[in-house]
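Heads up: the structure comes next, in structure tokens.
A, B, ... follow the sequence lines: proteins, then strands. Residue 1 opens every chain. This one's a predicted model, so the numbers in the text were calculated from it and none came from an experiment.
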Number of protein chains: 2
Amino acid sequence: MNKYNHPGVPYFQHVSEHCIHYMSIDGVIFGFSENQLKVLLLRWKGTDEWSLPGGFIYKLESVDAAAGRIVQERTGLNQLYLKQFHVFGDANRYDQADTWQRTKMPLEGIKWSERTISIGYYALVNYSKVTPMPDLITDECRWWNIQDLPRLLFDHNHIIEVALHSLRRELNEQPLNHLLPDPFTIPELQRLHECILGTALDSRNFYKKMLASGQLERLPERRSGTSHKAPYLYRFQETQSGEILPEPGT
Amino acid sequence: MNKYNHPGVPYFQHVSEHCIHYMSIDGVIFGFSENQLKVLLLRWKGTDEWSLPGGFIYKLESVDAAAGRIVQERTGLNQLYLKQFHVFGDANRYDQADTWQRTKMPLEGIKWSERTISIGYYALVNYSKVTPMPDLITDECRWWNIQDLPRLLFDHNHIIEVALHSLRRELNEQPLNHLLPDPFTIPELQRLHECILGTALDSRNFYKKMLASGQLERLPERRSGTSHKAPYLYRFQETQSGEILPEPGT
DNA sequence: CCAAAAGTGTTGGCTATACACCCATGA
DNA sequence: TCATGGGTGTATAGCCAACACTTTTGG
């Protein structure tokens, strides 16, 4: 592949014509599997360099819709939970020369703005329902454990850190069921909390807290098949009030 | 004033040439005076229509820097606390035809993008140090009580609501001293909390909580001049570490 | 019967809330 | 001396953290 046939060139030409310049969206797609919190990353064509999935906003497209489209294209999901968490707007967010060299993209074909302001969204998705799909300029799309990330392109390591910290802060208000099988067990929910918080939790206290919240509905069945006591299955109750704005601080 | 001499036309021409299209910044500048939480608003030239102060991002300017510049230009402050709180990115955030008609701006001179994505920042400033200054396209800049706002241009009523809810949520982590005189008294701090939260607080519990936080330093002087007991003056300690500091002597 | 994980209560400390009176000041 | 708001303590309730054993299951 050389500069004359790299598929990024027509892609960026399309973007340059139809999308808002100087802006992008980056998506931190969280999944949960094998007791690990994971994020979906892309490997750029012909390289060993990874980045977050991202994309651009069409001139008349809502920003939330653009984020949804971008995440949907990489995961195949038509139902997902998305949350805008931060704008990365430094004039020098990353070393541009170094980054574009690492991507092996032909700079003259893809550089359509001197800098990019990126709106960060995180998504909570059901790992088992995702079909990771690379895009035009990437060869591979797959999950990485959040503790074991490579050095990413752009400032994407930083963006993931900020996303994780946001998720941590907002843990109790977020619909974590999007990250779990449906239905799920309390131990699964506990391990998810532990992964997000990075700390161990006491199972007795965790049970009490979850059951006392009144948000969980115990199903008649249990999850069997393991060589130990079968746990009960639960579901979050759908009683989400129509409240749009957050409640006064705690 | 007619369409041929409206100062907005050269202003928007300048912006169109040097700033990032499709993007703006809106600033919710909070001040506190006479036991009221206030925001700084601008009245558009030749109208009775008010809006938030806002502006645009130069092509190579950091977004935070642009927000700082915008707030500084309306307040004259060179020191202030700024926090990015939300991006308003709906494709149809407000009724464009109606809004631009209300501004009495000559549409053909100022419409340089079909829609605008706005990054919301709130600022916490010291009311008594602000010199409100209108800009090129406004006649008047002044404080309004947050409970008593007029119907604003664009979706700015909504933006203020979201800003206030964000501030409420983040109250305990924000440096509220920026909103108060330096030094301040505990009753002043309490009334500020009450304005932000919209609820009354018990003074005994509030004293206990503030003093127990270890963040406050009691000064030897008191604030005198009122016809009642002179309150002690306090300052926030500059040590932002999580250290627990010794309590002030009784 | 063993290994592995599920499920369950009690206690103590800390934090938040409710509540009322005296004090200092200037007019 | 009065009106006004400042400054303080105590008792209760709810929440969170610490802590260990029994149960169930498949192999």
Could you give the [atom1]-to-[atom2] distance, from [X] to [N], as a whole number of Å?
X: B:Q190; N: C:dT17; atom1: CD; atom2: P; value: 13 Å
X: B:L211; N: C:dT15; atom1: CG; atom2: P; value: 15 Å
X: A:E188; N: C:dA5; atom1: CD; atom2: C1'; value: 13 Å
X: B:N172; N: C:dA16; atom1: CG; atom2: P; value: 9 Å
X: B:L201; N: D:dG6; atom1: CG; atom2: P; value: 14 Å
X: B:K209; N: D:dG9; atom1: NZ; atom2: C1'; value: 19 Å
X: A:M210; N: C:dT8; atom1: CE; atom2: C1'; value: 16 Å
X: B:R204; N: D:dG5; atom1: CZ; atom2: P; value: 17 Å

Basic-acidic side-chain contact under 4.0 Å: B:R235, B:E217 | no
Side-chain donor/acceptor contact of B:K208 with base of C:dT15 under 3.5 Å = no
Got B:W143 and B:L37 here, is their nearest side-chain heavy-atom distance under 4.5 Å?
->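 In short, these two side chains do not touch, never coming nearer than 4.5 Å.
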Scan side-chain atoms only and decide if B:S128 and B:N126 contain a donor-acceptor pair under the 3.5 Å cut-off.
->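 There is such a pair (donor and acceptor under 3.5 Å, judged by atom type) between the side chains of B:S128 and B:N126.
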For A:S118 and A:S24, test the side chains for any donor-to-acceptor distance below 3.5 angstrom and give the result as yes or no.
->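 Side-chain D/A pair, A:S118 to A:S24: present.
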Given D:dT25, C:dG7, D:dC19, which nucleotide is nearest the side-chain atoms of A:D202?
->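 Closest nucleotide to the A:D202 side chain: D:dC19.
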Would you classify B:S203 as touching base, sugar-phosphate or nothing, given that sugar-phosphate means primed atoms plus P, OP1 and OP2, and contacts are heavy atoms under 4.0 Å?
->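 Here B:S203 touches the bases of the nucleic acid.
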Just call it for A:T226: base, sugar-phosphate, or nothing, with non-hydrogen atoms closer than 4.0 Å on any strand.
->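 Sugar-phosphate, no base atom in range.
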Taking only N and O in the side chain of A:Y207, is any of them less than 4.0 Å away from OP1 or OP2 of C:dT8?
->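 No, A:Y207 has no side-chain N/O under 4.0 Å of OP1/OP2 on C:dT8.
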With nearest nucleotides of DNA chain D determined for B:K229 and B:N205 from heavy-atom distances, which residue corresponds to the more 5′ nucleotide?
->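 It is B:K229, whose closest nucleotide lies nearer the 5' terminus.
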Partner of B:Y122 under side chain to side chain donor-acceptor pair (under 3.5 Å), picked from B:K83, B:Q84, B:E170, B:H86, is B:E170
